Amino acid sequence: MLTIENLHASVADKPILKGISLSLNPGEVHAIMGPNGSGKSTLSYVLGGRPGYEVTEGSVTLDERDLLGMGADERAAAGLFLGFQYPVEIPGVSNVQFLRTALNAQRRARGEPEMSAGDFLRLAREQADALGISMEMMKRNVNVGFSGGEKKRNEMVQMGIIDPRLAVLDETDSGLDIDALRVVAEGINRIMRKPDKAVLLITHYQRLLDLVVPDFVHVLAEGRIVRSGGPELAHQLEREGYSEIAA
Ligand code: ADP
Ligand code: MG
C-alpha cells in the first residue's frame, strides 16, 4: 500500500533522512520509534508534502501511485491522513466548517457526491461522542484554546470523519494523561484497524504501543532505520534505551 524506497530528504540544505526504506501492507500498523532529532517528524512532513522539506533521492508510492509528485490536497484525496505532533490552531474557522470543507473537497476529488449538512452533522456528532469531544467544542475555532490532550482527541475526531486509508500519526500520545491516551488509542483501533487500512505510528514511548499493538516496530536513528522487529522491540527499547539498540 505504502512503499518508501531509499528516501533521502533535506531541510534547509541539511540532510535529515538518509535512505529510508519501508513497506506497509493493508491491515498493518507499523510503529516508528527513535530518539529526539532522529528525523521522525521530518518523515511525516515529507509524506505530507510540507514545503521546505526537499526529497533529494528515493521514491514513495501509495497504491502504486507516485506520492511525492502529488500536491498535499491530492495526497489527502488519495487517502492519506496526517496527525501532527503539534496540531495547528486555525482562528476564524470552526472545527465543523473545517472538517466539512475538507471532507467534501476530498469527495469531489474522488468523484463522489458531497455530503449534505445534515448527514455531516450526524457523522461529526457520532465521531465527537466516541472521543469525548462535545458538539460545543466542535463549533469552536479549530484547536484554538484547546488543551494539548483536547487537540490530540480532536485530531482523532478529524480522522474518524475523514476515514482515511493511511494514517501517519506523529506523537499522537504526547501530552496525554493515561485516560486520554486510552481514548486516543481506542480511536486509532476503532477507525484504522481494518483490513484495507494501514497506520504509521510515530512515537517516543512504548506505552501507546501497549494499547495500539503494532505489527512491526522500526527504530530510526540519525535518519536511518537501524533496527526492525515486532512489538517486543518496543519493550526492549524501553528497558535498554536507544543508545544500546542504535549502536
Ligand atoms: P524527531 O521528530 O525525530 O525528533 P525531527 O524530524 O523533528 O526529529 O528533526 C530531525 C532533525 O532535523 C533535527 O536535527 C532538527 O534540528 C532538524 N530540523 C527539523 N526541522 C528543521 C528546520 N525547519 N530547519 C533546520 N533543521 C531542522
Ligand atoms: Mg518529532
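These numbers come from a predicted model, not from an experiment. One-based numbering, in listed order, for ligands and for the atoms of each. Just so it is clear, the values below take in all heavy atoms, side chains as well, and ignore hydrogens, waters and symmetry mates.
For ligand 1, the atoms closer than 4.0 angstrom to any heavy atom of S41 are 1 (P), 2 (O), 6 (O), 7 (O). Close contacts between ligand 1 and P35 involve ligand atoms 3 (O) [criterion: under 4.0 Å to a heavy atom]. Contact atoms of ligand 1 toward T42: 5 (P), 6 (O), 9 (O), 10 (C) (distance under 4.0 Å to a heavy atom of the residue). Numbered from 1 in the order shown, with element, the atoms of ligand 1 that lie under 4.0 Å from a heavy atom of N36 read 4 (O). Close contacts between ligand 1 and Y53 involve ligand atoms 20 (N) [criterion: under 4.0 Å to a heavy atom].
The neighbour count for E136 CD, taken as heavy atoms of other residues, nucleotides or ligands under 6.0 Å away, does not exceed 12.
Under the side chain to side chain donor-acceptor pair (under 3.5 Å) test applied with N95, the options N143, N141, N154 reduce to a single match, N154. Screening L103, N104, V96 for a side-chain contact (heavy atoms from CB on, under 4.5 Å) involving R100 leaves a single residue, N104. Residue D163 is tested with K194, Q106, K197 for a side chain to side chain donor-acceptor pair (under 3.5 Å); the sole match is K197.
Inspection of the N6 and E57 side chains reveals an N or O donor paired with an N or O acceptor under 3.5 Å.
Distance from atom 4 (O) of ligand 1 to its nearest protein heavy atom, with residue and atom name: G37 N, 2.7 Å. The shortest contact between atom 21 (C) of ligand 1 and any protein heavy atom is with V11 CG1, 3.5 Å. Looking only at protein heavy atoms, the nearest one to atom 17 (C) of ligand 1 is I16 CD1, 3.7 Å. Regarding atom 16 (O) of ligand 1, its nearest protein heavy-atom neighbour is K14 NZ, 3.9 Å.
Among G39, A12, A9, the residue whose heavy atom lies closest to atom 8 (O) of ligand 1 is G39.
Backbone or side-chain N, O or S atoms of S44 do not reach the Mg ion (ligand 2) at under 2.8 Å.
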Give the C-alpha distance, both sets of side-chain angles, the deciding distance and a yes or no for salt bridge (Lys or Arg N to Asp or Glu O under 4.0 Å) between R207 and E238.
CA-CA 9 Å; R207 56 176 204 167; E238 192 77 2; over 6 Å; no
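The distance from the OH atom of Y242 to the CG atom of L220 is 9.5 Å, given to the nearest 0.5 Å.
Formation of a donor-acceptor pair under 3.5 Å by the R153 side chain with backbone atoms of I133 is not found in this model.
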